[in-house]
Amino acid sequence: MAYKDIMKMVAKTDGSKPTVAAMCLCAQNFKKKKGQRGRPEGSNKTSKAEDKVLLDTFKKLRPPGHGVTSRRLHKALPKKISKKMSQRTCRRRLADKGYTPEKKLSKSDPGVQGTKRRMHFGRFYKDRTMAIWKARCQGCGDFKDFTWYPRDLHAKFSRYRAPWTYMTKTEKKLPAFQRPKRWFPKKDYSKVKKAKVFGLTTSNGKSVVFLIPTPWNAEVWAGLVRQKLAPFLKRSFPTLASFEILLDGEKLLHAPAAKKAYKDCNITTLAHWPKYSPDLNPQENVWGWAENKLRELETKNIAFPAWQHKCLEAVKAYPGKEKLVGSLAKRVSMLLDREGAMLPM
């Protein structure tokens, strides 16, 4: 094409047309061999010595099972090296050594009998759709033990409870890299305190949350059913005379005193619930979210009574309450597809 015709098809960054001389120069340079741009292929931004410092720092920050982020790793590097490399470079160097971000495994195996109970539950409710669940089941409830940690255990707890960290494929199977049921040795547990909370979320998006007094037993729970749970259900569903709710298999919830309280208040619990199946209870979604929210709200010097109120505040703030009960349809379908195995949480 003639230069004058090419000029009509292009424009400079300021919108003006280029000159014929500029078009000529572009044509001359277009096929010229270009020089090397950036680092040669296969070379790294950092030296082997700097990579060793990075890896040593990483291993110091991340004993087995501890959570660590690329930001924290980058911040811990010597200034001379941290100025030279970015967080992305840190992640790439770790990946070169086989360390990639992985979620920790949970110790969860229902066993043969547990799997049979779970499959029976799934087959019994397989025909319930999301709409049917929301119409027939008025709510799902559960207990949660929130743990208050004194200031001297805060930092250690935040590292241990990390749901993921950088690890190799081999390390992922080691016990240290699985989420433990106990975070500290017994001697440290004497310093912590627990708040037992009951929460129930209804199919129409409402919730009730309250602290469980200690010590507690079936009679105490029966009193709470009459004083708090039943009045809440009546306010939430004024047109209904009876209520069906999902409660897990904890023995005290199904003791004679508790059953009498349910009967007096026209409450029935969901039948055929399999024991040790937190993955099937939608209320578990609330606990996981509330745990993270609580750690954002708490401060290192917060006293235990004030911290208890933060627990309730965190649980009440959960978004998407109206979706929980309906999600049972999907959980039952996934349970049958997985032949009774635990669902990913």
Side-chain angles (χ1 to χ4, degrees), residues 13 33-106 146-180 182-185 187-189 191-192 288-303 306-307 310 314 317:
T13 54
K33 188 176 180 180
K34 305 298 187 294
Q36 174 73 36
R37 296 188 66 180
R39 291 187 299 277
E41 188 176 351
S43 64
N44 291 332
K45 188 175 183 179
T46 54
S47 65
K48 289 184 177 180
E50 290 168 336
D51 290 346
K52 187 177 183 305
V53 173
L54 172 72
L55 200 60
D56 291 343
T57 306
F58 167 72
K59 290 179 178 178
K60 185 178 179 182
L61 287 176
R62 196 231 58 177
H66 286 217
V68 65
T69 62
S70 58
R71 175 178 292 183
R72 186 159 172 253
L73 173 60
H74 184 262
K75 192 174 180 180
L77 290 171
K79 280 190 176 181
K80 187 177 180 180
I81 299 178
S82 63
K83 286 182 179 179
K84 185 176 180 180
M85 67 171 70
S86 63
Q87 291 180 36
R88 183 171 63 177
T89 304
C90 292
R91 292 193 292 269
R92 285 177 174 174
R93 293 298 163 270
L94 290 177
D96 291 342
K97 298 295 183 181
Y99 294 98
T100 54
E102 298 276 355
K103 281 190 173 182
K104 294 179 181 178
L105 296 174
S106 296
F146 290 99
T147 308
W148 173 84
Y149 295 93
R151 181 168 183 170
D152 59 322
L153 293 180
H154 252 275
K156 189 176 180 182
F157 168 69
S158 63
R159 291 193 298 269
Y160 267 130
R161 73 178 290 269
W164 67 274
T165 189
Y166 286 87
M167 64 181 89
T168 62
K169 299 295 182 184
T170 304
E171 286 179 331
K172 188 169 184 176
K173 299 175 183 178
L174 299 178
F177 288 88
Q178 296 180 1
R179 287 177 67 78
R182 289 185 176 273
W183 305 104
F184 304 109
K187 63 177 182 179
D188 288 333
Y189 263 104
K191 304 177 185 178
V192 307
W289 188 91
E291 179 75 37
N292 293 330
K293 185 67 176 177
L294 172 62
R295 303 310 167 184
E296 292 176 10
L297 295 173
E298 70 179 355
T299 56
K300 291 182 179 179
N301 296 320
I302 190 169
W307 179 85
K310 292 291 183 184

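Atom OG1 of Thr100 is separated from atom CZ of Arg91 by 13.0 Å, given to the nearest 0.5 angstrom. Separating the NZ atom in Lys80 from the CD atom in Glu50 is a distance of 7.5 Å, to the nearest 0.5 Å. In this structure, CG in Leu73 is found 9.0 Å from CD in Gln87, a value given to the nearest 0.5 Å. Residue Thr89 holds its OG1 atom at 9.0 Å from CG of Asn44, rounded to the nearest 0.5 Å.
Under the salt bridge (Lys or Arg N to Asp or Glu O under 4.0 Å) criterion, Glu171 pairs with Arg62, sequence neighbours left out. Considering only residues two or more places apart in sequence or on other chains, Thr46 meets the side-chain hydrogen bond (donor to acceptor under 3.5 Å, both in side chains) condition with Asp51, Arg93. Legend: residues meeting salt bridge (Lys or Arg N to Asp or Glu O under 4.0 Å) with Lys59, ordered by chain and number and at least two apart, are absent.
Ser70 has its side chain within reach of Tyr166: a pair of non-hydrogen atoms, C-beta onward, lies under 4.5 Å apart. For the pair Glu298/Lys310, no side-chain contact is recorded, criterion being any heavy-atom separation below 4.5 Å from C-beta on. Lys75 is not listed as a side-chain neighbour of Arg72, based on a closest heavy-atom distance of 4.5 Å or more.
One finds a salt bridge joining Asp56 and Lys52 here, because a Lys/Arg side-chain nitrogen approaches an Asp/Glu carboxylate oxygen to under 4.0 Å.
In plain terms, the two heavy atoms of Ala314 and Trp289 that are nearest each other are O-CZ3, 3.3 Å. Listed here is the closest heavy atom pair of Arg295 and Thr147: NH2-O, 3.0 Å. Residues Thr57 and Val53 share a closest heavy-atom pair of OG1-O, 2.7 Å. Smallest separation of non-hydrogen atoms from Gly67 and Thr165: CA-OG1, 3.5 Å.
For the pair His74 (side chain) and Met85 (backbone), a donor-acceptor distance under 3.5 Å is present.
At most 12 heavy atoms of other shown residues, nucleotides or ligands fall within 6.0 angstrom of atom NZ in Lys60. Other residues, nucleotides and ligands contribute only 12 or fewer heavy atoms inside 6.0 Å of the NZ atom of Lys97.
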